[in-house]
Structures are given as structure tokens and as C-alpha cells.
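Below: one structure, written as C-alpha cells.
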Number of protein chains: 2
Amino acid sequence: MVDVFRALDDETRRLILDDLSARDGQTLFEICTTLAMRHGLTLTRQAISQHLGVLESAGLVVTERRGRSKFHYFNPGPLAQITGRWPSSKRSEQ
Amino acid sequence: MVDVFRALDDETRRLILDDLSARDGQTLFEICTTLAMRHGLTLTRQAISQHLGVLESAGLVVTERRGRSKFHYFNPGPLAQITGRWPSSKRSEQ
DNA sequence: TTGATATGCAAGCAGCGGCTTGCCTACCAT
DNA sequence: ATGGTAGGCAAGCCGCTGCTTGCATATCAA
């Protein structure tokens with residue numbers, strides 16, 4: 001079980017959430033190519049896979065397996081742990 | 001300059017923000033004793049000082065020096081970088 | 001079945017981060 | 001000036017983390 005705060009403490013993982021937020025339900029290879037295209041990321045497939053594992057363990061990404069493909073969906077729910085911890089931050093947003 | 005996400009990726013630093021959120025304008029020694037009392041933290045003064053340095057570098061803590069004392073104030077402003085990055089999280093909060 | 005596609009597991013390495021230790025500077029009271 | 005208080009600087013250690021590499025598993029097409 002990974003902390004939401006730790007999961008977000010990595011620019012690559014945040015970029016993955018960006019990409020999933022823009023186009024949900026991508027597969028691992030799709031995410032790899034998207035990251036390479038849009039941000040010049042030159043990471044291995046395994047690196048991205050491990051990042052996705054962290055995000056999934058933190059509940060920020062939910063997966064669905066069909067055949068030999070695994071689709072990843074962005075789940076913003078756990079982000080409430082951040083905004084809910086320091087109520088004054090909510091005030092400053094509204 | 002430290003990232004907001006990295007600054008939050010540490011339970012001690014989050015506890016410091018909790019304490020400052022509860023009672024603002026504390027000094028380093030006050031924060032040390034508060035953490036020790038309320039959470040059983042047995043960290044050195046330097047450790048807390050370094051944590052405060054990270055929080056200040058991330059803009060989450062603002063300081064004011066008077067005499068030989070330095071007062072720390074919680075600034076929730078940078079938290080908007082988190083809630084503002086993935087708009088769907090805002091929706092799920094309201 | 002054979003080959004190609006899509007993903008998973010595990011070991012190993014390098015770098016960073018948190019913590020301690022030791023010493024130093026600045027301010028205040030007596 | 002002296003002693004005590006509040007904080008800062010820097011080096012060093014250790015554990016964790018991100019990344020690679022190599023191999024293995026599972027699914028689909030021909």
C-alpha cells in the first residue's frame with residue numbers, strides 16, 4: 001500500500017496522471033509512446049510499469065484487464081486526502 | 001527551490017503543517033516540543049529544522065524573524081498546484 | 001504449433017533523502 | 001564580558017527509490 005503523497009512525488013508519475021486525465025483507459029504501451037512523444041521521456045517499459053504499479057497501489061489509477069491488454073484509468077478520489085487534511089487550503093481555493 | 005509534491009512526501013513534514021495549522025506562528029523549539037508531545041516524535045532539533053527548511057523552500061511555510069527567534073507560519077497557497085493540476089479532482093471534492 | 005504481442009517478476013546498481021553529530025553564529029540577560 | 005538561549009552550517013552514514021537488465025508468463029493470429 002503506497003501513500004498518495006509519495007505516489008505524487010515523481011514528475012513521471014504526475015505526467016502519467018496528466019496523460020490519463022487527457023485520455024483515459026490507455027494501455028501500458030500507449031502510455032509509453034505518449035510519454036515519449038509529448039514529453040521526450042526515454043524510459044524503459046518496465047520503468048513506466050513500475051510507476052503505474054505505484055499509482056495503482058496508491059489508488060490513483062484503476063486497471064481493467066481484457067485479454068492480454070491492461071487498461072489504466074485515472075481515479076482522482078485519493079486526492080481528497082490532500083485537500084481534506086488542511087482545511088485552510090480548501091478556503092483558499094474557493 | 002523544492003517541489004510542493006516532494007515537500008509533502010514526508011509524514012513528519014505533514015505533521016509540522018498540522019501543528020502550524022492548529023497554532024500558527026510557532027518557533028522551532030515550540031514545534032519540536034509539540035511534535036514530541038502529541039506524536040511521540042524523537043527527532044533532533046536539526047532534523048526538524050531541515051524539514052522546516054524544505055517546507056519554507058516549497059513555499060508552504062513562511063517565516064518571520066524577531067530577535068533570536070524565528071516564527072513559522074503555514075501558507076496553504078502552493079497546495080493549489082496540486083488541486084489545480086487535475087481538474088477532475090476539484091469536481092470530486094465539491 | 002509457431003511466432004509475435006502485452007505484460008509481469010526479480011535482481012542489481014546508482015543516486016538521493018532523512019537523520020545524526022559536531023561545531024559555529026547571533027541575540028539577550030545579568 | 002559571561003553564560004545561556006535560539007538557530008544555522010556541513011559532513012557523514014544508511015536506507016529507500018527509480019531505473020535498467022534479463023528472463024518468464026499469458027494471449028492472440030496464422
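We name chains A, B, ... by the order of the sequence lines, and we start the count at 1 in each one.
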Could you tell me whether [X] and [Y] make a salt bridge, using a distance below 4.0 angstrom between a side-chain N and a carboxylate O?
X       : Y       : answer
A:Arg66 : A:Glu64 : yes
B:Arg6  : A:Asp10 : no
A:Asp18 : A:Arg38 : no
B:Glu30 : B:Lys70 : no
B:Asp19 : B:Arg14 : no

Fill in: Base versus backbone protein contacts along nucleotides 17-25 of chain C [heavy-atom cut-off under 4.0 Å; B, S, -]
SSBBBB---

Practice prompt. Between B:Thr27 and A:Arg66, just flag the one whose closest nucleotide in DNA chain D comes earlier from the 5' side.
Written response: B:Thr27

Worksheet entry | Nearest-nucleotide comparison on DNA chain D, the residue closer to the 5′ end among B:Phe71 and A:Gly67 |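 The residue closer to the strand's 5' end, by nearest nucleotide, is B:Phe71.
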
Discussion item. In terms of relative ring orientation, are A:Trp86 and B:Phe74 parallel, tilted or perpendicular, with 30° and 60° separating the classes?
Written reply: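 The rings of A:Trp86 and B:Phe74 sit tilted, inter-plane angle from 30° to 60°.
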
Practice prompt. Extract, from 5' to 3' on DNA chain D, the first and final nucleotides lying under 4.0 angstrom from some heavy atom of chain B.
Written response: D:dG4 to D:dA10

Practice prompt. Give a yes or no on whether A:Leu17 and A:Leu35 share a hydrophobic cluster (residues Ile, Leu, Val, Met, Phe, Trp, Tyr; joining criterion: side-chain heavy atoms under 4.5 Å apart).
Written response: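 Linked within one cluster.
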
Worksheet item: Less than 3.5 Å between a donor and an acceptor, one on the side chain of A:Arg68 and one on the base of C:dT7, is that the case here?
Response: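 Side chain to base: no pair below 3.5 Å.
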
Discussion item. Quick one: does any side-chain atom of A:His72 pair with a main-chain N or O of A:Thr63 as donor and acceptor, under 3.5 Å?
Written reply: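 Side chain of A:His72 to backbone of A:Thr63: no pair is present.
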
Discussion item. For a quick check of understanding: with a heavy-atom distance under 4.0 Å over all strands, which category does A:Arg65 fall into, base, sugar-phosphate or nothing?
Written reply: sugar-phosphate

